[in-house]
Amino acid sequence: MREWKDRMLGTISFTPRGQNPAPAMENLPFAQVLMPALDLNGEVGSACEVWSGKGSFTYGLRKGVRYGHNDEILFGAIQLDDAQFDNASVRAAGKTPLQQASETAYLEIFGLLDALQFPHILRFWNYIANITGESHGLERYRQFNMGRQDGFLASGRKVMGSVPAASAVGYEQGPLTIYFLAGRGEAPVAIENPRQVSAYKYPQEYGPRSPTFSRASVARLGDDNVLFLSGTASIVGHRSMHVGDVLAQTRETLANITAMVGEANRVAPDAEFSLGDLCYKVYVRHPKDVPAIHGELRRALGESARLMFLKADICRQDLLVEVEATAGHPLEFAIGK
Ligand code: 3EB
């Protein structure tokens, strides 16, 4: 951790319950997600995701959003307990607590970006407790989707077409945690997967409001092209494929990732993104599946790909694995501790 200390934008720690890592330094945007990391045997442990940059940094806290930025990129994180929104005015508005927490989080994030003049979201990460559980007559992931979309709309942001890349995954218990990267300069280019229906066009069977995310984005930061692949699973069209077969799901996910890296290289031909250069976070429903998933990923991605495994609930109950990835930015994973 020490070697990044002077160039950190922010850090996220993934830990099992009962472990409380100290923030790496004062002021540094930091969030703990009670989502255990997994080693290659599927054993539970801790891991850190560190975002760093160059130049001089400013750190702050505004309306619940912790942030760190240099001249060109901003990292921010917000954690809201949905129980906090279980009150009469939220009920009177016909919203659920998680829906309101999600909407509020997005409003505060977009407010910060307007205030600090980082207009372009590069990527969002969303961690939602009990994501496939149901309350108030609606699955919690669907409640989140309603609040997120309302947050976008109320902030004057588009909810189709050029929307940010994202992940939304579940963990057992804890606050809604959202972190993000934003930039100045050129807007990122949103990329869709030719093998999949755009998530913002999912049919109603997946919920009253479509999820607001693109399959990937490519951004230019200084002289670098940066690629953000959204959470990617075994979905073709809009349907989950290979229910119950973790190896086949991993292969389908790899086919989706390969398709998107192809699209990214079409959009940014000078970038030459390749599967082996990416940095991957792999969400695994059952820790016992890690060796099989790891074997399949290594075979396809090679030895150079950086992989981090986390024990997570994928937002559809029939999915066993989901993979996100980044290229072109000095993301660091610190495993263990
Ligand atoms: C999918 O493709 C799987 O709601 O932000 C992946 C990435 C998924 C992002 C989100 C959800 C999200 O629909 C789930």
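Atoms within each ligand, like the ligands themselves, are counted from 1 in listed order.
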Using a heavy-atom cut-off of under 4.0 Å, does the side chain or the backbone of Tyr141 touch ligand 1, or both, or neither?
side chain

Side chain, backbone, both or neither: which part of Ala233 has a heavy atom under 4.0 Å from ligand 1?
neither

Quick check on Arg148 - does any of its heavy atoms sit under 4.0 Å from an atom of ligand 1?
yes

State if Cys315 counts as touching ligand 1 under the rule of any non-hydrogen atom under 4.0 Å.
yes

Would you please indicate yes or no on a ring centroid separation below 6.0 angstrom for Tyr59 and Tyr67?
no

Report yes or no: do [X] and [Y] form a side-chain donor-acceptor pair below 3.5 Å?
X: Gln32; Y: Thr15; answer: yes
X: Thr104; Y: Gln100; answer: yes
X: Ser167; Y: Arg123; answer: yes
X: Asp318; Y: Ser240; answer: yes
X: Gln79; Y: Tyr127; answer: no

For [atom], closest protein heavy-atom neighbour:
atom: atom 3 (C) of ligand 1; value: Ile235 CD1, 3.8 Å
atom: atom 6 (C) of ligand 1; value: Gly231 O, 3.2 Å
atom: atom 9 (C) of ligand 1; value: Ala166 O, 3.3 Å

Lys/Arg N to Asp/Glu carboxylate O, Arg251 vs Glu296, below 4.0 Å:
yes

Run down the list Phe144, Tyr200, Tyr202, Phe213 and name the one with the heavy atom closest to atom 13 (O) of ligand 1.
Tyr202

Out of Glu322, Glu324, Arg215, who gets a non-hydrogen atom closest to atom 2 (O) of ligand 1?
Arg215

The atoms of ligand 1 lying under 4.0 Å from a heavy atom of Ala168, numbered in the order shown, are 4 (O), 5 (O), 9 (C), 10 (C), 12 (C)

